[in-house]
Amino acid sequence: MATAAAETLGLLWGWLWSESFWLPQNVSWADLEGPGDGYGYPRAQHVLSVFPLAVCIFSVRMLFERFIAKPCALRVGIKDSAVNKVEPNDTLEKVFVSVTKYPDEKRLKGLSKQLDWSVRKIQCWFRHRRNQDKPPTLTKFCESMWRFTYYLCIFCYGIRFLWSMPWFWDTRQCWYNYPYQPLSRELYYYYITQLAFYWSLMFSQFIDVKRKDFLMMFIHHMIGIMLTTFSYVNNMVRVGALIFCLHDFADPLLEAAKMANYARRERLCTTLFVIFGAAFIVSRLAIFPLCITEPLWILQDLGCHVQRLQILNTTLFESWEIIGPYPSWWLFNALLLILQVLHAIWSYLIVQTASKALSRGKVSKDDRSDVESSSEEEDETTHKNNLSGSSSSNGANCMNGCMGGSLLAEEQGTCKATGNLHFRASPHLHSCD
């Protein structure tokens, strides 16, 4: 029995790592077992070290948020407030869970007669019940500060060693002599750390602040893990490192904008978000898919000989020209094209939000992205409008992580999200009499 299971496992493993699928013609896994130089060639067993490293990264995150991020949040005025529980009521709880979190005027009046409560009291109950599920601003700030720190550090590390690599400036060199390209120590650490961080995000997203673009981010993380793992095993690490560095370029700006947002620094929040939007669009919609040819006079004045900067151009066309297509080549490029579709969606939402921010002087209070809280505190004007007979909205539809122009007059938020990308302002709290 054990022998049969071992044979089945061996056949499955052989099918999964078929040389004819993963490697170019006339190349075998045995050819990549040689010493090479530095760290030799990438091997599948190297990926196993990712999982303990992911646990370490998650542990470092917990310590960072507890002993560094939280004191910083308290210093900038974010309060460590406990969530107040609403008065238990089985009837309202059943409506909240099974029917709607935003009852309209007709339902409010029906519940008022059924419970002998005032409409205002029922409105307050639903608002506080929604806020009860909302993660504290302190939690969101600490999460953003951790991501900001990681993205900034890993980008600085990546750009530092990539700057001296010839294939950073001429992407054709990612394919010369492929796959016989030795793995350097810096590139090994960079790749394994990035893969471990993606795995830590894959697990932590189920306990992190839940956002409206959860599904998009889940797909993004899955594609990232697949691309990173497979590109490492078949030694596409050069172009993989370029993709990592390009993606990390804009991410620290987003997290910095979110921190300013949670700290209620509206001008700084808007400025950082607009800068982030420009950086995101340039990196994801220009450099990632397109070919930017010389002369790039700014870089050339710094003494850099630049021929071209692009990602999809080199993975689709330059690799075809130099090494030719093979089965896994189609898989990698298909995943990169899916990633580019996500970039286009997020860029559209960023432009939409940034244009509103510039026209209004700040990021709109009605533009939202997190599903972390379905509701904010109502202001007194909204209460009066509701009491005078104005109907309340049942909410606004969200798409792919962003909601523009919420119809809920009772809700106040500030910012919109993109991409790895979740963005929203701290609520302005109001009491409910």
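All values below come from the heavy atoms of this structure, side chains included, with hydrogens, waters and symmetry mates left out.
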Heavy-atom closest pair, residues [X] and [Y]:
X    : Y    : value
I350 : G277 : CG2-CA, 3.4 Å
T91  : N89  : N-OD1, 3.1 Å
W330 : P325 : NE1-CB, 4.0 Å
A69  : F141 : O-CE2, 4.0 Å
P179 : L32  : O-CD2, 3.8 Å
Y150 : T193 : OH-O, 3.7 Å

Is the ring centre of [X] less than 6.0 Å from the ring centre of [Y]?
X    : Y    : result
Y190 : F161 : yes
W167 : W175 : no
H46  : Y188 : yes
Y157 : Y189 : no

Quick one: are [X] and [Y] in side-chain contact, heavy atoms under 4.5 Å?
X    : Y    : value
I311 : P289 : no
C245 : L242 : no
L312 : F288 : yes
E143 : M259 : no
I192 : V47  : no
L183 : Y232 : yes
I78  : Y262 : yes
L108 : Q123 : yes

Next on the checklist: Would you say that more than 12 heavy atoms from the other residues, nucleotides or ligands in this model lie under 6.0 Å from the CE of M62, or not?
Outcome noted: yes
Checklist entry - Got a sec: does the CZ of F249 have more than 12 other heavy atoms crowding it under 6.0 Å? => result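 No, CZ of F249 has 12 or fewer neighbouring heavy atoms, counting only those of other groups under 6.0 Å.
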How long is the gap from [atom1] on [X] to [atom2] on [Y], to the nearest 0.5 Å?
X    : Y    : atom1 : atom2 : value
R267 : R265 : CZ    : CZ    : 13.0 Å
I322 : N177 : CD1   : CG    : 11.0 Å
D90  : L115 : CG    : CG    : 10.5 Å
S347 : I281 : OG    : CD1   : 5.0 Å
S200 : H221 : OG    : NE2   : 8.5 Å
I338 : L342 : CD1   : CG    : 8.0 Å

Checklist entry - Given the rule in the side chain to side chain contact (heavy atoms under 4.5 Å, CB included) test, do D248 and L152 qualify, once you have shown the distances and angles that lead to the verdict? => result CA-CA 8 Å; D248 291 336; L152 181 62; over 6 Å; no
Checklist outcome for this item: Checking L335, I345, L285 against Q340 for side-chain contact (heavy atoms from CB on, under 4.5 Å), the one that qualifies is L285
Checklist entry - Looking at Y41, F21, Y326, which one forms a side-chain contact (heavy atoms from CB on, under 4.5 Å) with N234? => result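 Answer after filtering Y41, F21, Y326: Y326.
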Distance-only, no hydrogens or angles: does the [X] side chain make a donor-acceptor pair with backbone N or O of [Y] under 3.5 Å?
X    : Y    : result
R130 : K101 : yes
W329 : T315 : yes
S112 : W117 : yes
W125 : P88  : no
S231 : L227 : yes
D170 : Q173 : no
Q132 : V86  : yes
R160 : G158 : no
N235 : Q181 : yes
S328 : L331 : no

Item to check | Step-by-step side chain to side chain donor-acceptor pair (under 3.5 Å) determination, T228 to Q194 | outcome: CA-CA 8 Å; T228 306; Q194 291 278 36; over 6 Å; no
Any salt bridge between [X] and [Y], counting N to O under 4.0 Å?
X    : Y    : result
K258 : E255 : yes
R284 : D251 : yes
E93  : R129 : yes
R172 : E321 : yes

Next on the checklist: Could you walk me through whether K94 and V99 satisfy the side chain to side chain contact (heavy atoms under 4.5 Å, CB included) test, starting with their C-alpha distance in whole Å, then the side-chain angles of each, then the deciding distance to 0.1 Å, before giving a yes or no?
Outcome noted: CA-CA 7 Å; K94 184 177 180 180; V99 183; over 6 Å; no
Next on the checklist: As a quick check of understanding, evaluate side chain to side chain contact (heavy atoms under 4.5 Å, CB included) for H247 and L339, giving each step before the final call.
Outcome noted: CA-CA 11 Å; H247 278 69; L339 198 60; 3.6 Å; yes
Using the ring of each side chain (for Trp, its six-membered ring), is [X] parallel, tilted or perpendicular to [Y], with breaks at 30° and 60°?
X    : Y    : value
F280 : W346 : perpendicular
F126 : F96  : tilted
Y151 : F197 : perpendicular
F244 : Y191 : perpendicular

Item to check | Contacts of S355 that satisfy side chain to side chain contact (heavy atoms under 4.5 Å, CB included) - sequence neighbours left out | outcome: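 Expected list: none.
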Item to check | side chain to side chain contact (heavy atoms under 4.5 Å, CB included) between T314 and S319, worked out | outcome: CA-CA 6 Å; T314 191; S319 63; 5.9 Å; no
Item to check | Partners passing salt bridge (Lys or Arg N to Asp or Glu O under 4.0 Å) against K109 (at least two apart in sequence or in another chain) | outcome: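 So K109 forms a salt bridge (Lys or Arg N to Asp or Glu O under 4.0 Å) with E105.
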